[in-house]
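Input: one structure, supplied below.
Sequence positions, counted from 1, serve as the residue numbers for this chain.
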Amino acid sequence: MSWLDCADNLFQDFDNKDAIIQRIKDLSISRNTIKDRILSMNSNIENQLIHDLNLSSFFSICIDESTDITSSARLSIISRFCINDEVREELIKLAPIPAKTTGENICEVVVNVLEDIGLNLSKIVSVTTDGAPCMIGKDRGFVNLFSKKIGHPLIGFHCIIHH
């Protein structure tokens, strides 16, 4: 176990070095334990993000659709918001797009994801996309459809995600 190999050096200045090393030796590292800890950390991080987004007065989202190596369409939903004097950018979800990558389908995925985690959609003030027709099309593009869905106009940015 690599932790034990470097523990003497890592904790050499700690008064409780022996206790720390013993705790490392006592750690359960079965695959189920590791999986459970990863899921617990993920849940904690997700809860913190939702809490912070709900505290903010407004936020923006960035949407980027791409196809993975299995030819499955994936949608990255990223938030930009302020907490006190800090501007943050966090991944909300990497969601599969179950059908075609049309503005309607992308809008449905985004609305479902944001509503499922309990975000107030009326706090969204802008959307950044890659500028593809399915994103910014005048009638059936995601930005237009999403703006109608949340009930107020949005500031739309495009072609700045990949810079």
Side-chain angles (χ1 to χ4, degrees), residues 3 10 23 27-163:
W3 267 97
L10 283 174
R23 291 286 306 255
L27 277 175
S28 174
I29 55 171
S30 71
R31 71 170 193 257
N32 288 331
T33 301
I34 299 299
K35 178 193 76 159
D36 291 343
R37 289 183 180 163
I38 290 169
L39 292 175
S40 177
M41 287 188 292
N42 177 65
S43 177
N44 182 275
I45 291 168
E46 185 177 86
N47 290 338
Q48 287 179 47
L49 174 60
I50 293 166
H51 178 262
D52 289 349
L53 282 168
N54 283 325
L55 280 180
S56 65
S57 300
F58 55 88
F59 62 95
S60 299
I61 58 172
C62 305
I63 306 296
D64 187 31
E65 177 271 325
S66 61
T67 304
D68 65 18
I69 60 171
T70 65
S71 298
S72 299
R74 305 284 179 195
L75 187 67
S76 301
I77 306 170
I78 301 163
S79 60
R80 288 185 180 143
F81 59 100
C82 295
I83 294 291
N84 299 320
D85 292 336
E86 179 185 2
V87 177
R88 295 195 29 210
E89 183 175 89
E90 302 285 344
L91 176 68
I92 294 175
K93 182 92 173 187
L94 181 60
I97 303 174
K100 294 180 180 180
T101 56
T102 64
E104 292 93 350
N105 292 337
I106 293 170
C107 185
E108 182 180 337
V109 169
V110 171
V111 168
N112 289 341
V113 165
L114 298 180
E115 287 179 343
D116 284 350
I117 61 175
L119 293 180
N120 182 352
L121 300 183
S122 67
K123 290 184 175 186
I124 300 172
V125 294
S126 68
V127 176
T128 303
T129 67
D130 62 4
C134 67
M135 294 289 189
I136 62 170
K138 182 180 174 188
D139 296 320
R140 297 176 59 204
F142 164 76
V143 175
N144 183 47
L145 296 170
F146 190 65
S147 179
K148 288 178 183 176
K149 179 71 177 171
I150 64 173
H152 66 268
L154 294 167
I155 300 169
F157 297 101
H158 71 282
C159 294
I160 62 173
I161 287 179
H162 300 290
H163 292 280

**Study point:** side chain to side chain contact (heavy atoms under 4.5 Å, CB included) assessment of F81 paired with D52
**Key:** CA-CA 9 Å; F81 59 100; D52 289 349; 3.8 Å; yes

**Study point:** side chain to side chain contact (heavy atoms under 4.5 Å, CB included) between L27 and R37, intermediate numbers included
**Key:** CA-CA 12 Å; L27 277 175; R37 289 183 180 163; 3.6 Å; yes

Practice item. List the atom of I150, the atom of L154, and the distance in Å for their closest heavy-atom pair. Key: CD1-CD2, 3.5 Å

Review point. Under a 4.5 Å cut-off applied to non-hydrogen side-chain atoms, are V109 and P98 in contact?
Key: yes

Review point. Is there a side-chain contact between I97 and I106 (heavy atoms, below 4.5 Å)?
Key: yes

Review point. Does the side chain of R80 come within less than 4.5 Å of C62's, by heavy atoms?
Key: yes

Review point. To the nearest 0.5 Å, what is the distance between CD1 (I45) and CG (L91)?
Key: 11.0 Å

Review point. Can S30 and N32 be said to form a side-chain hydrogen bond (donor to acceptor under 3.5 Å, both in side chains), step by step?
Key: CA-CA 5 Å; S30 71; N32 288 331; 5.5 Å; no

Point to revise | Closest non-hydrogen atom pair between N120 and S122, with its separation | key: OD1-OG, 2.6 Å

Practice item. Grab the two heavy atoms, one from E115 and one from L121, that are nearest each other, plus how far apart they are. Key: OE2-CD1, 3.8 Å

Check your understanding: Is the count of non-hydrogen atoms from other residues, nucleotides or ligands lying under 6.0 Å from H51 atom NE2 greater than 12?
Key -> no

Review point. Quick check: does any side chain N or O of N47 sit under 3.5 Å from a backbone N or O of S43, one acting as donor and the other as acceptor?
Key: yes

Review point. Judged by atom type as modelled, is there a donor-acceptor pair below 3.5 Å linking the side chain of S79 to the main-chain atoms of E90?
Key: yes

Point to revise | S56 side chain vs F59 backbone, donor-acceptor pair below 3.5 Å | key: no

Point to revise | side chain to side chain contact (heavy atoms under 4.5 Å, CB included) between I50 and N54, intermediate numbers included | key: CA-CA 6 Å; I50 293 166; N54 283 325; 3.5 Å; yes

Point to revise | Side-chain donor-acceptor pair present, N42, E46, cut-off under 3.5 Å | key: no

Study note, to complete from the structure: The reported gap from CG in D64 to OG1 in T129 (rounded to nearest 0.5 angstrom) is 9.0 Å

Exercise for review: Check whether any side-chain heavy atom of F146 lies under 4.5 Å from a side-chain heavy atom of I124, and answer yes or no.
Suggested key: yes

Check your understanding: Hey, are the side chains of I78 and I92 touching, using non-hydrogen atoms and a 4.5 Å cut-off?
Key -> no

Review point. Quick one: NZ on K93 to CG on N112, what's the gap to the nearest 0.5 Å?
Key: 11.0 Å

Review point. Are any of the side-chain heavy atoms of I63 and I77 separated by less than 4.5 Å?
Key: yes

**Study point:** From D130 atom CG to T128 atom OG1, the distance as rounded to the nearest 0.5 Å
**Key:** 10.5 Å

**Study point:** K123 versus S57, closest heavy-atom pair with distance
**Key:** CG-O, 3.7 Å

Check your understanding: At their closest point, which heavy atom of H152 faces which heavy atom of S147, and how far apart are they?
Key -> O-OG, 2.9 Å

Exercise for review: Indicate yes or no: at least one non-hydrogen side-chain atom of V143 is less than 4.5 angstrom from one of K148.
Suggested key: no

Check your understanding: Where do E104 and L145 land on the side chain to side chain contact (heavy atoms under 4.5 Å, CB included) test, with the steps shown first?
Key -> CA-CA 7 Å; E104 292 93 350; L145 296 170; 3.7 Å; yes

**Study point:** Side chain proximity check, F142 to V110, heavy atoms < 4.5 angstrom
**Key:** yes

Check your understanding: Between N105 and K100, what is the shortest heavy-atom contact and its length?
Key -> ND2-O, 2.5 Å

